[in-house]
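Whatever order the structure lists them in is the order used to number ligands and atoms, beginning at 1.
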Amino acid sequence: MKISITVNGKAVSGDVEGRTLLSGFLRDHLSLTGTHVGCDTAQCGACVVHVNGEAVKSCNMLAAEADGADVGTIEGQATADGSLNVIQQAFQDHHGLQCGFCTPGMVMSAAALLKESPRPTEAEIRKYLEGNLCRCTGYHNIVKAIMAASGQDVGSIAAE
Ligand code: FES
Ligand code: FES
């Protein structure tokens with residue numbers, strides 16, 4: 001079937017099977033390979049993108065369901081001049097990534113959280129990220145990065 005989606009502000013269309021997942025469409029049809037697939041049980045969150053402004057696990061949605069939607073991926077997060085957005089920069093500054101596999105999903109989830117709650121507490125951040133697994137960082141620096149991205153003092157979070 002033919003679908004038309006706006007991805008990172010650009011209209012795209014594609015011919016997909018009914019069973020094609022949104023994650024597969026982004027990666028295989030559009031070559032937007034920042035969105036990762038880390039599981040087959042919708043647990044890891046490496047595939048999180050924005051669909052009409054909401055954080056969504058793209059492995060758990062059919063591409064066909066996104067027909068007509070506005071989708072945002074990690075590739076669309078940098079600012080127009082190519083510099084990192086505030087969340088990406090904070091992940092870099094606070095060492096919120098190691099292998100980088102979870103990072104696109106983490107950044108997309110963090111962006112959705114900060115839209116909902118511009119100054120989240122440490123507990124709020126940890127709870128919101130329940131759907132995003134990381135095998136490298138132990139989460140602490142991710143929490144720090146999100147606190148920093150929200151303009152808060154990272155010294156206020158529990159010591160390592
Ligand atoms: S790949 Fe989507 S939740 Fe793991
Ligand atoms: S940085 Fe490796 S899984 Fe999170």
Can you tell me if Ser150 uses its side chain to pair, donor with acceptor, with the backbone of Met147 under 3.5 Å?
yes
Can you sort out which atoms of ligand 1 are near Cys44, meaning under 4.0 Å from one of its heavy atoms?
1 (S), 3 (S), 4 (Fe)
Could you walk me through whether Thr73 and Asn8 pass side-chain hydrogen bond (donor to acceptor under 3.5 Å, both in side chains), step by step?
CA-CA 7 Å; Thr73 72; Asn8 299 330; 2.8 Å; yes
Give the atoms of ligand 1, by number and element, whose distance to some non-hydrogen atom of Gly45 is under 4.0 Å.
3 (S), 4 (Fe)
Rounded to the nearest 0.5 angstrom, the CG-CZ distance for Leu32 and Phe25 is 9.0 Å
Joint hydrophobic cluster, Val154 plus Leu84, side-chain heavy atoms closer than 4.5 Å:
no
Would one find an N, O or S atom of Cys102, in either backbone or side chain, under 2.8 Å from atom 4 (Fe) of ligand 2?
yes
Within Cys134, is some N, O or S atom less than 2.8 Å away from atom 4 (Fe) of ligand 2?
yes
Enter the distance from Gln89:CD to His94:NE2 here, rounded to the nearest 0.5 Å.
9.5 Å
For Gly100, atoms of ligand 2 separated by under 4.0 Å from a heavy atom:
1 (S), 2 (Fe)
Could you find the nearest protein heavy atom to atom 1 (S) of ligand 1 and give me its residue, atom name and distance?
Gly38 N, 3.3 Å
Co-membership, hydrophobic cluster, residues Val12 and Met61, 4.5 Å side-chain
yes
Return yes when at least one N/O/S atom of Cys136 is nearer than 2.8 Å to atom 2 (Fe) of ligand 2, and no when none is.
yes
Checking side-chain polar atoms at under 3.5 Å, does Thr79 have a donor or acceptor matched by the opposite partner on Asn85?
no
Counting from 1 in the order shown, the ligand 1 atoms closer than 4.0 Å to a non-hydrogen atom of Cys59 are 1 (S), 2 (Fe), 3 (S)
What protein heavy atom lies closest to atom 3 (S) of ligand 2? Include the residue and the distance to one decimal.
Arg135 N, 3.3 Å
Closest candidate by heavy atom, reference atom 4 (Fe) of ligand 1, pool Cys39, Gly131, Cys47:
Cys39
